[in-house]
Structures are given as C-alpha cells and as structure tokens.
Amino acid sequence: GESVGLHLPTLSVQEGDNSIINCAYSNSASDYFIWYKQESGKGPQFIIDIRSNMDKRQGQRVTVLLNKTVKHLSLQIAATQPGDSAVYFCAENIRGSQGNLIFGKGTKLSVKP
Amino acid sequence: DAGVIQSPRHEVTEMGQEVTLRCKPISGHNSLFWYRQTMMRGLELLIYFNNNVPIDDSGMPEDRFSAKMPNASFSTLKIQPSEPRDSAVYFCASKGQGARNSPLHFGNGTRLTVT
C-alpha cells in the first residue's frame, strides 16, 4: 500500500475511544479548511470542512475545531473504529486564491481492536 | 457518481522514457488539479485548470513536466524524459463550479516508478 506514513506523526488509540488529531496552519489569510482521510492505496477522501467565520462544526462522529488566534485546527473522532485507521490531512485555502488547497504533512491514526 | 478516474493505476518505466498520466474529472466540475505525493514532501500542487485553462503551473517542477486539458472531461500530465526522482503518486482532483470554498474530490492516483 501507500507508504506515506514512514515519517508521519502517529496516533494510536483503542477502539471505542475518542481521537483528536491536531494541525497547525501557517497562513493567517486562510479562510477555509478541510480534513481529509487517506487510506492505503487510495486518494484523499473529504471528511469535513469549516470556514474561518466558524469555530466549530460537527458531522457524523467527527467534529472540527478552529482556533484562529493560534492558527490551530483539530479533528475529533468519536468512538473510533478500526475503519478509521488511515492518514489524516488538514488542508487550507488562502483567501484570494482560486480554490487550490495547501496540505499539511498528515497524521497516521492507528486503531487497536 | 463515478468519481475522479485516473489511469493507469500503476506505471513502471525506465529513466528517459515518456510517461503520460490521465484523468477524467467528475462530470460538471470545472476545476481540475494535479497533485504529487511523496514521503518527503507530502502532497504538492503541480498545476490547476479552471474551465480547461491552466491558471497556475508554478508547482510544475521542470520543463520536463507538462499538462493539458483539451476538454472538460479529460486531462493529461506528461513527463518527458522521466527521471527516478519523479517516482511518486500523482493525484488528480476536481471541484464543482461556483464555490471557491468547496472541497476537492480526488482520484485514487497513479503510482509512478521510474527505474
């Protein structure tokens, strides 16, 4: 499978626990943020997004929190399941750009059964 | 919805050969992006198109790389001549019309190995 995770930060959690994956972004002009999940051998898959005029957004089992003061983004996954094991990327869209995303390096989530 | 379709899934070639990667975006999407993913550099934007027109190719590494979008349903990324350092997974992504702040939809990539 895809070996993007060799040098990635890794988060290991027990099945059923909650997971929190963090991301620091660098550009204060970024106004849109997305979390992607990438499984081995597949492309990044959209999970949830948030605009800069919001602090929190919830989806099914996932919550994204945005702290613009410290330029920090987090993804919370409730009741983590083995199928959540993947590499998670945050991405930002800089205001004024035409929609191209800048990706972080990723975090590998490993769920122990 | 078939999603973004890329071909081939895997490509192994020798240094100096020409490589062509193909992408079919989601029908109705008017923006198309080519990204490259490596362990060292993560996901990097190479080039993107709006309405078949290249908007920003500043991410294209060298003149050996070129991309075209002859129509709304097809794009190619060509490397000529290829080099071992081009080995990576190349992703194509597309985005719908009208909303700048909307997610990209990715294909499953082409894994390129240049020996």
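What you see is a predicted model, and the numbers here were worked out from it, not measured in a lab.
- Other residues, nucleotides and ligands place more than 12 heavy atoms under 6.0 Å from the CD atom of B:Glu62.
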Listed pairs under 3.5 Å, donor-acceptor, residues 11-26 of chain B side chains, sequence neighbours left out:
unit_1  : atom_1 : unit_2  : atom_2 : d
B:Arg22 : NH1    : B:Thr20 : O      : 3.4

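- Heavy-atom minimum distance, B:Asn108 versus A:Gly43: OD1-N, 3.1 Å.
- In this structure, the side chains of A:Trp35 and B:Pro103 stay at 4.5 Å or more apart for every pair of heavy atoms.
- Considering OG of B:Ser102 and CD1 of A:Ile34, their distance stands at 7.5 Å, rounded to 0.5 Å.
- Only the side chain of B:Leu45 comes within less than 4.5 Å of a heavy atom of chain A; its backbone N, CA, C and O stay farther away.
- For A:Asp55, the side chain to side chain contact (heavy atoms under 4.5 Å, CB included) criterion is met by A:Lys68, not counting sequence neighbours.
- Aromatic ring centres of A:Phe103 and B:Tyr35 lie closer together than 6.0 Å.
- Looking at heavy atoms from C-beta onward, A:Lys42 lies out of side-chain contact with B:Phe91 at the 4.5 angstrom threshold.
- Side-chain atoms of B:Arg111 do not come within 3.5 Å of backbone N or O of A:Gly41 as any donor-acceptor pair.
- Hydrophobic cluster membership differs between B:Tyr90 and B:Leu43, with clusters built from Ile, Leu, Val, Met, Phe, Trp and Tyr side chains linked at under 4.5 angstrom.
- In terms of heavy-atom proximity, B:Arg41 sits nearest to A:Lys105 at O-NZ, 3.1 Å.
- Around atom CG of B:Asp63, no more than 12 heavy atoms belonging to other residues, nucleotides or ligands sit under 6.0 Å away.
- Put simply, A:Val62 and A:Val13 are part of the same group of oily side chains (I, L, V, M, F, W, Y) that touch within less than 4.5 Å, one to the next.
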Please lay out, stage by stage, how B:His105 and A:Gln45 fare under the test side-chain contact (heavy atoms from CB on, under 4.5 Å). CA-CA 7 Å; B:His105 299 265; A:Gln45 177 186 6; over 6 Å; no
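- Under a hydrophobic-cluster definition in which Ile, Leu, Val, Met, Phe, Trp and Tyr are linked whenever side-chain heavy atoms come within less than 4.5 Å, directly or via other members, A:Tyr25 and A:Leu101 are assigned to different clusters.
- Looking only at distances, a side-chain donor or acceptor of A:Tyr36 sits under 3.5 Å from a matching main-chain atom of B:Leu104.
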